Amino acid sequence: MNTDSKKRRGQAIGGAVAGVAVIAVLVAVFVTVRSGDDDANGTAPAAAAPTSAAAPAEAAQPTETAAPAPTAAKVETPAALAKEPEVKAGEGKLTKLDVTVLVPGTGPAVQKGQTITANYKLVSYTTGQVIDSSWSRGEPFSTPIGVGAVIKGWDEGIPGQKVGSRVQLDVPAALAYGEQQGDLRFVVDILAAQ
């Protein structure tokens with residue numbers, strides 16, 4: 001094999017190794033961003049992903065100034081919250097936010113401006129099809145509440161609920177992601193607030 005052939009072969013191998021390295025970096029970034037959606041962005045869910053509780057990107061700016069966070073509140077997880085909930089479709093068309101406490105909590109009430117840690121399951125209100133779930137990722141997510149970091153349905157429905165509660169939020173499209181996503185049903189386990 002002559003010198004030019006060896007040089008070209010070396011360049012080809014170097015290019016292939018560089019290509020594999022680029023793909024590996026892209027995969028790592030994608031995985032990091034996807035897993036970071038749950039905690040770093042505080043957007044149950046990603047700010048641009050309508051498959052979560054996060055506000056759409058254009059609405060991600062807080063609508064009010066966050067109050068200083070009260071002291072941390074975490075209670076022992078009730079046995080009822082240790083198992084993923086089964087969430088079914090609703091009936092009819094939602095016209096307003098409907099909050100139903102499925103498992104009453106014993107901790108302090110969540111206040112606007114706190115950061116909550118929660119497990120949630122999101123389904124289409126009309127079909128019951130699962131859209132998103134922290135359970136499927138194997139870890140809860142954390143987000144500020146009541147300050148515009150997530151959809152209005154969460155910002156309006158979670159404050160006042162007690163830590164340790166499992167609540168069902170039936171969220172009309174206007175308080176979620178609009179008509180494209182439609183009405184939504186979340187079941188949210190409030191694990192901590194700080």
Side-chain angles (χ1 to χ4, degrees), residues 36-75 81 85 87 90 93-105 107-126 130-135 137 139-194:
D37 287 349
D38 294 340
D39 26 300
N41 288 341
T43 54
T51 59
S52 65
E58 63 272 6
Q61 295 299 322
T63 55
E64 57 185 80
T65 304
T71 57
K74 183 175 183 172
V75 297
L81 274 57
V87 185
K93 176 81 173 144
L94 292 173
T95 58
K96 64 180 182 63
L97 176 65
D98 187 22
V99 180
T100 305
V101 177
L102 302 175
V103 175
V110 175
Q111 298 175 25
K112 286 184 177 183
Q114 286 188 307
T115 295
I116 64 164
T117 299
N119 269 318
Y120 69 92
K121 192 167 187 178
L122 165 62
V123 303
S124 165
Y125 183 79
T126 57
V130 176
I131 298 171
D132 191 23
S133 172
S134 66
W135 291 92
R137 288 187 297 280
E139 70 177 324
F141 103 103
S142 296
T143 185
I145 201 74
V147 294
V150 290
I151 62 170
K152 288 182 181 180
W154 275 51
D155 273 351
E156 294 177 13
I158 299 292
Q161 302 301 322
K162 292 186 174 185
V163 174
S165 295
R166 173 173 283 175
V167 296
Q168 178 176 290
L169 302 175
D170 291 335
V171 183
L175 296 179
Y177 307 106
E179 291 302 324
Q180 181 179 0
Q181 193 81 7
D183 296 340
L184 303 173
R185 173 170 279 175
F186 289 87
V187 172
V188 182
D189 296 346
I190 305 169
L191 306 175
Q194 56 185 2

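Scope of the values below: all heavy atoms of this structure, side chains included, with no hydrogens, waters or symmetry mates. This structure is a prediction, so every number in the text was calculated from the model and none was measured. When a residue number appears, it is its place in the shown sequence, counting from 1.
Residues satisfying the side chain to side chain donor-acceptor pair (under 3.5 Å) criterion with Thr100, sequence neighbours excluded, are absent altogether. Ser124 pairs by the side-chain contact (heavy atoms from CB on, under 4.5 Å) definition with Thr126, Thr127, Ile131, not counting sequence neighbours. Under the rule for a side-chain contact (heavy atoms from CB on, under 4.5 Å), the partners of Glu156 that lie at least two apart in sequence or sit in another chain are Leu97, Lys152, Leu175. Partners of Asp170 according to the side chain to side chain donor-acceptor pair (under 3.5 Å) rule, which considers only residues two or more places apart in sequence or in another chain, are Gln168, Arg185. Every side chain to side chain donor-acceptor pair (under 3.5 Å) that Lys121 has, sequence neighbours left out, goes to Glu84. Not counting sequence neighbours, the partners of Glu179 by the side-chain contact (heavy atoms from CB on, under 4.5 Å) test are Lys93, Ala173.
For the residue pair Pro159 and Lys112, the shortest heavy atom distance occurs at CG-CG, 4.0 Å. Closest approach of Gly164 to Leu81, counting heavy atoms only: O-CD2, 3.5 Å. When all heavy atoms of Pro104 and Ser165 are compared, the closest pair comes out as C-OG, 3.9 Å. The shortest non-hydrogen separation linking Trp135 to Pro85 is NE1-CD, 3.5 Å. Nearest heavy atom pair, residue Val110 against residue Ala193, reads CG2-CB, 4.1 Å. Smallest separation of non-hydrogen atoms from Pro144 and Val150: O-CG2, 4.3 Å.
The side-chain heavy atoms of Asp155 and Val147, taken from C-beta on, include no pair separated by under 4.5 Å. A 4.5 Å side-chain heavy-atom check between Val171 and Tyr125 finds every atom pair outside the cut-off. Side-chain contact between Thr117 and Glu139 is absent, with no heavy atoms from C-beta onward closer than 4.5 Å. The shortest distance between side-chain heavy atoms of Val87 and Tyr120 does not fall below 4.5 Å.
Exactly one of Leu184, Val99, Leu122 qualifies for a side-chain contact (heavy atoms from CB on, under 4.5 Å) with Leu169. That residue is Val99.
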For this session: Could you walk me through whether Val187 and Arg166 pass the side-chain contact (heavy atoms from CB on, under 4.5 Å) test, one step at a time?
Result: CA-CA 7 Å; Val187 172; Arg166 173 173 283 175; 3.6 Å; yes

**Asked** Can you check side-chain contact (heavy atoms from CB on, under 4.5 Å) on Ile158 and Phe186, steps first, answer last?
**Response** CA-CA 11 Å; Ile158 299 292; Phe186 289 87; over 6 Å; no

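Proximity of a side-chain donor or acceptor of Ser134 to a complementary backbone N or O of Pro140 within less than 3.5 Å is not detected.
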